[in-house]
Number of protein chains: 2
Amino acid sequence: MKLINRDTDYAIRALCYIFKHKKKVISASDLVSELRIPRSFLRKILQKLNKKGILKSFKGQGGGFLAAKPADKILLVDLIETFQGKVSLNECFFRKLTCPHKRTCVLRDKLDKIEKQVLKELKRITVVSLLR
Amino acid sequence: MKLINRDTDYAIRALCYIFKHKKKVISASDLVSELRIPRSFLRKILQKLNKKGILKSFKGQGGGFLAAKPADKILLVDLIETFQGKVSLNECFFRKLTCPHKRTCVLRDKLDKIEKQVLKELKRITVVSLLR
DNA sequence: AAGAATGATACCATGTTAGTCTCATTTGTC
DNA sequence: GACAAATGAGACTAACATGGTATCATTCTT
Ligand code: FES
Ligand code: FES
């Protein structure tokens with residue numbers, strides 16, 4: 001049961017590197033040799049970060065990526081949702097249909113509470129807070 | 001990202017049924033027709049609960065299962081760990097080896113804190129609290 | 001001895017995760 | 001303009017996890 005999968009993890013590392021070299025345009029190649037992440041995989045991740053407006057991309061020779069917003073505006077929870085979908089700890093299994101107990105289910109209630117706590121914490125973690 | 005998988009979910013339903021019919025020995029067949037869980041799958045789950053000392057089993061004609069301890073002594077977290085392994089939200093991916101940053105990693109620190117909170121909550125939920 | 005139950009365990013189908021590959025497009029430099 | 005260096009888009013794949021099935025052995029009651 002992992003809160004963070006590999007895509008998210010790599011995204012975090014890439015972002016940290018990019019923020020540590022602010023102002024310079026960083027290419028996928030730079031990141032590959034620095035972070036030792038498989039090239040194609042990393043490229044997919046960078047593209048996604050670009051689409052989400054977290055990075056800005058520049059094509060062509062000398063191109064690469066720049067941060068599109070300040071590090072303290074990038075929340076961990078946004079990265080998680082970008083690569084793993086909504087944080088949802090409390091999906092009910094009942095026959096794959098909408099669960100008939102949804103309104104009254106005690107377990108659902110309790111897990112919802114836990115989810116809210118986790119979400120609150122995840123929203124407090126930004127890329128700045130990971131830069132050490 | 002689910003906190004509870006299908007095995008655990010089924011285990012909870014089975015336990016609730018068993019506790020609602022305390023004293024009677026409940027066979028897998030009873031549970032199958034009541035809960036509409038695939039027979040073989042449910043049997044595997046019941047066996048595991050037995051091995052873990054949460055249920056007591058009786059073989060032979062008229063056999064089945066009884067709760068081995070009171071409902072308020074069965075913690076949700078125990079069920080989760082029985083079927084899904086230790087709750088561990090903060091596994092680091094770094095090259096599948098022990099991570100060189102383990103001591104200093106800021107992210108690890110923050111996720112550890114979240115994990116502790118979740119664990120604390122999960123320990124407060126028992127089967128009693130799910131019986132409504 | 002027969003039948004009803006669980007114990008143990010191997011097997012299988014499907015979905016998810018992590019990763020690869022190819023080709024198209026854009027851009028800077030000569 | 002040609003070419004090389006970069007990203008964009010998206011199909012494809014290998015390995016693993018999840019959810020479920022099937023089989024045979026063992027035990028217990030009658
Ligand atoms: S059983 Fe469906 S929401 Fe709880
Ligand atoms: S990078 Fe390995 S524990 Fe954080």
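Each chain gets a letter, A, B and so on, in the order its sequence line appears, and its residues count up from 1.
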Separation of [X] atom [atom1] from [N] atom [atom2], in whole Å?
X: B/F41; N: D/dT18; atom1: CZ; atom2: C1'; value: 8 Å
X: B/Q61; N: C/dA2; atom1: CD; atom2: P; value: 14 Å
X: A/L66; N: D/dA6; atom1: CG; atom2: C1'; value: 14 Å
X: A/L31; N: D/dA5; atom1: CG; atom2: C1'; value: 16 Å
X: A/R43; N: D/dA9; atom1: CZ; atom2: C1'; value: 10 Å
X: B/L49; N: C/dG7; atom1: CG; atom2: C1'; value: 14 Å
X: B/K51; N: C/dA8; atom1: NZ; atom2: P; value: 5 Å
X: A/L42; N: C/dT20; atom1: CG; atom2: P; value: 11 Å

Nearest of [options] to any side-chain atom of [X]?
X: A/P38; options: C/dT20, C/dA5, C/dT29; result: C/dT20
X: B/K59; options: C/dG3, D/dA9, D/dT26; result: D/dT26
X: B/K44; options: C/dT9, D/dA6, D/dG8; result: C/dT9

Do the side-chain N or O atoms of [X] get closer than 4.0 angstrom to the phosphate oxygens (OP1, OP2) of [N]?
X: A/S57; N: D/dG8; value: yes
X: A/R6; N: C/dG19; value: yes
X: B/Y10; N: D/dG20; value: yes
X: A/N50; N: D/dT7; value: no

Please check this pair: side chain of B/N5 against backbone of B/T8, looking for a donor-acceptor N/O pair closer than 3.5 Å.
yes
For B/R39, report the nucleic acid contact type (base, sugar-phosphate, nothing); a contact means any heavy atom under 4.0 Å.
nothing
Assess the pair A/Y10 and A/F41: is the distance between their ring centroids shorter than 6.0 Å?
yes
Using heavy-atom distances to pick each residue's nearest nucleotide on DNA chain C, tell me which of A/G60 and A/K2 is more 5'.
A/K2
Side-chain ion pair, B/K2 and A/E91, N-O less than 4.0 Å:
no
Does the pair B/R13/B/D9 count as a salt bridge with the N-to-O cut at 4.0 Å?
yes
For A/S40 and for A/G63, locate the closest nucleotide of DNA chain D by heavy-atom distance; then report the residue assigned to the nucleotide nearer the 5' terminus.
A/G63
Are B/F19 and B/L46 grouped together when hydrophobic residues (ILVMFWY) are joined by side-chain heavy atoms under 4.5 angstrom apart?
yes
